[in-house]
There are 2 protein chains.
Amino acid sequence: MDKDISRAVIGRLPRYLRYLGELKDKNVERISSSELSVLMKVTASQIRQDLNNFGGFGQQGYGYNVDYLYSEISKILGLEHQYNFIIIGAGNLGKALGGYLNFEKRGFILKGMFDKDPGLIGTEVRDVKVMPMEDLPSFIRSNDIDIAVLTIPKEGAVLVAKVLVENGIKAIWNFAHVDLDVPEYVQVENVHLSDSLMKLSYNISSYMENNK
Amino acid sequence: MDKDISRAVIGRLPRYLRYLGELKDKNVERISSSELSVLMKVTASQIRQDLNNFGGFGQQGYGYNVDYLYSEISKILGLEHQYNFIIIGAGNLGKALGGYLNFEKRGFILKGMFDKDPGLIGTEVRDVKVMPMEDLPSFIRSNDIDIAVLTIPKEGAVLVAKVLVENGIKAIWNFAHVDLDVPEYVQVENVHLSDSLMKLSYNISSYMENNK
DNA sequence: CAACAATTGACAAGAATTTAACAGAAATCT
DNA sequence: AGATTTCTGTTAAATTCTTGTCAATTGTTG
């Protein structure tokens with residue numbers, strides 16, 4: 001299918017998908033790269049270049065069909081699959097992610113939640129019960145879990161990641177503030193919130209510097 | 001101070017800071033770019049190049065002093081300032097961010113939370129009360145608020161952002177799934193969680209494609 | 001204290017990414 | 001139906017980012 005698409009291009013696809021979804025909702029049938037470029041504030045050239053990494057989705061003189069392009073990008077992103085996922089760490093962040101219904105619409109199915117705090121075990125998020133950590137290995141194996149969401153403090157994350165890998169997890173969505181060391185066949189996507197906040201801090205202070 | 005440091009460089013600084021913090025905790029006094037490059041799995045050249053954007057923090061034959069480098073990067077990122085922030089949206093995500101104590105350590109002080117749901121008003125997160133949206137404008141003005149964290153659904157986000165800007169907010173940490181259109185003097189950092197999840201999905205499905 | 005080893009900062013070379021330009025195909029207009 | 005306009009896909013140019021190299025400087029060792 002695809003061989004070596006750059007990370008930068010992949011990173012932009014979800015945003016294209018979002019704008020195309022909005023256009024679909026407005027019943028827009030077709031759109032040109034230059035119209036889309038105005039909406040999205042990127043160059044039309046970049047849009048065409050990005051899309052052409054995957055093949056010609058448009059037509060000269062016409063542009064791109066919104067529905068078709070939307071579904072092609074969905075396919076590229078693997079959103080036609082269903083993924084079973086679990087959340088490890090049933091604190092506020094874990095609950096927030098577990099309760100986010102839009103994930104379900106995209107094919108991400110919440111199968112279980114885990115926590116080491118006995119006080120949380122048995123509580124529910126959308127009919128999914130929080131289970132104790134001891135049950136984790138067997139649960140992954142017997143419920144065909146693809147993705148684990150790690151919403152626990154960094155201290156425990158490395159060890160839990162090891163357990164996940166040993167039990168055949170395919171991917172980890174990592175919110176713990178640590179870099180996980182896993183085999184190359186396990187996909188990791190990091191969300192380091194404090195890094196993001198620091199970037200914001202940089203922008204604030206750098207703006208103030210340049211405008212005082 | 002700094003004129004045009006690339007986004008890529010800034011994006012790497014928080015990760016440098018994290019590793020340096022760990023070294024500090026281990027009482028490591030000095031480190032060379034090549035040692036750090038092994039730890040962080042990047043090239044030594046990149047580390048030196050990145051740091052030299054801001055001046056020579058190291059010394060030939062010696063390397064970098066961990067404490068000094070840590071504090072210099074902190075300064076670059078603007079972490080020596082204090083920032084007052086509020087959270088808009090007191091759902092699980094808002095509560096999770098409000099309860100995250102490490103932000104306080106970095107100088108980000110939670111001053112208030114807001115929600116439109118009457119059922120949430122009056123509840124507390126770390127001694128901070130959730131207030132009704134009507135109080136937002138006056139609160140920002142009279143409490144010297146720098147940053148607003150937006151943890152509300154996208155439908156309301158655009159309108160709330162407008163109110164924030166009108167009342168002099170400096171920066172928005174945006175978790176709503178929409179691009180905000182604000183004046184250039186307002187800094188925005190987006191955290192689009194579903195984009196991140198889609199990238200993970202791409203990696204899973206692309207790995208499976210290439211290894212079936 | 002001289003010789004040697006370590007290591008930066010600077011610069012050059014090499015890659016990757018982004019933007020521009022344009023030929024040619026399809027749609028639209030008259 | 002022919003002329004004109006609109007657009008893509010593609011190639012080329014420009015820009016940005018990353019990596020490699022090495023002289024110069026500092027620390028260390030015998």
Side-chain angles (χ1 to χ4, degrees), chain A residues 1-16 19-20 23 28-73 76 195 199 202 206, chain B residues 1-16 19-20 23 28-73 76 195 199 202 206:
Chain A
M1 188 193 178
D2 34 43
K3 17 190 196 301
D4 55 338
I5 308 296
S6 90
R7 203 123 297 270
V9 174
I10 302 304
R12 284 190 289 266
L13 293 183
R15 188 154 179 264
Y16 291 139
Y19 277 85
L20 290 166
L23 290 168
V28 177
E29 199 172 273
R30 58 186 263 195
I31 191 152
S32 69
S33 58
S34 66
E35 288 172 292
L36 192 55
S37 79
V38 172
L39 280 180
M40 296 187 63
K41 296 176 183 169
V42 297
T43 62
S45 196
Q46 179 165 75
I47 294 173
R48 294 204 298 276
Q49 189 87 295
D50 282 353
L51 297 178
N52 270 87
N53 279 294
F54 306 98
F57 299 141
Q59 200 159 39
Q60 288 157 324
Y62 173 89
Y64 298 87
N65 178 283
V66 172
D67 280 359
Y68 176 67
L69 187 54
Y70 183 92
S71 89
E72 286 301 309
I73 294 179
I76 293 165
D195 290 14
K199 282 190 269 175
Y202 172 84
S206 148
Chain B
M1 183 194 179
D2 34 42
K3 18 190 195 301
D4 55 337
I5 309 296
S6 89
R7 203 121 297 272
V9 174
I10 303 305
R12 284 190 290 266
L13 293 182
R15 187 154 179 264
Y16 292 140
Y19 277 85
L20 289 167
L23 291 168
V28 176
E29 201 173 272
R30 57 184 263 194
I31 190 151
S32 69
S33 58
S34 65
E35 290 173 291
L36 192 56
S37 79
V38 172
L39 281 180
M40 296 187 63
K41 296 177 182 167
V42 298
T43 64
S45 196
Q46 180 164 74
I47 294 174
R48 294 204 299 276
Q49 184 90 323
D50 281 353
L51 297 178
N52 271 88
N53 280 294
F54 307 97
F57 299 141
Q59 200 157 39
Q60 286 157 326
Y62 173 88
Y64 298 87
N65 178 283
V66 172
D67 280 358
Y68 175 66
L69 187 53
Y70 183 91
S71 90
E72 285 301 309
I73 294 179
I76 294 164
D195 289 14
K199 281 189 269 175
Y202 173 85
S206 148

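Worth saying up front: this structure is predicted, and the values here are computed from it rather than measured.
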Using salt bridge (Lys or Arg N to Asp or Glu O under 4.0 Å) as the criterion, list what pairs up with B:Arg15, not counting sequence neighbours. A:Asp179
Can you tell me how far [atom2] of [N] sits from [atom1] of [X], to the nearest Å?
X	N	atom1	atom2	result
B:Glu29	C:dT7	CD	P	14 Å
A:Gln46	C:dA16	CD	C1'	13 Å
B:Leu51	C:dA10	CG	P	12 Å
A:Arg48	C:dA21	CZ	P	12 Å
B:Asp50	C:dG9	CG	C1'	13 Å
A:Asn52	C:dT19	CG	C1'	15 Å

In Å and rounded to the nearest 0.5 Å, what is the [atom1] to [atom2] distance from [X] to [Y]?
X	Y	atom1	atom2	answer
B:Ser37	B:Arg48	OG	CZ	9.0 Å
B:Leu36	B:Ile31	CG	CD1	4.5 Å
B:Leu51	B:Ile76	CG	CD1	7.5 Å
B:Ile10	B:Asn53	CD1	CG	8.0 Å

Using a 4.0 Å heavy-atom cut-off, does [X] contact any base of the nucleic acid, only the sugar-phosphate backbone, or nothing at all?
X	result
A:Ser45	base
B:Ser33	sugar-phosphate
A:Arg30	sugar-phosphate

What are the two closest non-hydrogen atoms of A:Pro14 and A:Gly11, and how far apart are they? CD-O, 3.5 Å
Side-chain N or O of A:Ser6 less than 4.0 angstrom from OP1 or OP2 on C:dT17? yes
Tell me if the side-chain of A:Gln49 makes a donor-acceptor pair with the base of C:dT17, cut-off 3.5 Å, by modelled atom types. no
Let me check the geometry of the helix from C:dC1-D:dG30 to C:dT30-D:dA1. What is the bend angle between the axes at its two ends, five pairs each, to 10°? 10°
Would you say [X] and [Y] make side-chain contact, with heavy atoms under 4.5 Å?
X	Y	result
B:Leu69	B:Tyr16	no
A:Val9	A:Phe54	yes
A:Tyr70	A:Leu23	no

Between the side chains of A:Thr43 and A:Gln46, does any donor sit under 3.5 Å from an acceptor? no
Checking C:dT18, C:dT8, C:dA10 against the side chain of B:Ser32 (C-beta onward), the nearest is C:dT8
What residues in residues 57-67 of chain A put a non-hydrogen atom under 4.0 Å from any atom of DNA chain C? A:Gln59, A:Gln60, A:Gly61, A:Tyr62
Interface limits on DNA chain D, where chain A has a heavy atom under 4.0 Å of a nucleotide atom: D:dT6 to D:dA12
Could you give the side-chain donor-acceptor pairs of residues 55-67 of chain A under 3.5 Å, partners two or more places apart or in another chain?
unit_1: A:Asn65; atom_1: OD1; unit_2: A:Asp67; atom_2: N; d: 3.1
unit_1: A:Asn65; atom_1: OD1; unit_2: A:Tyr68; atom_2: N; d: 2.9

Residues two or more places apart in sequence or in another chain: which of them pass side-chain contact (heavy atoms from CB on, under 4.5 Å) with B:Ala8? B:Ser6, B:Arg12
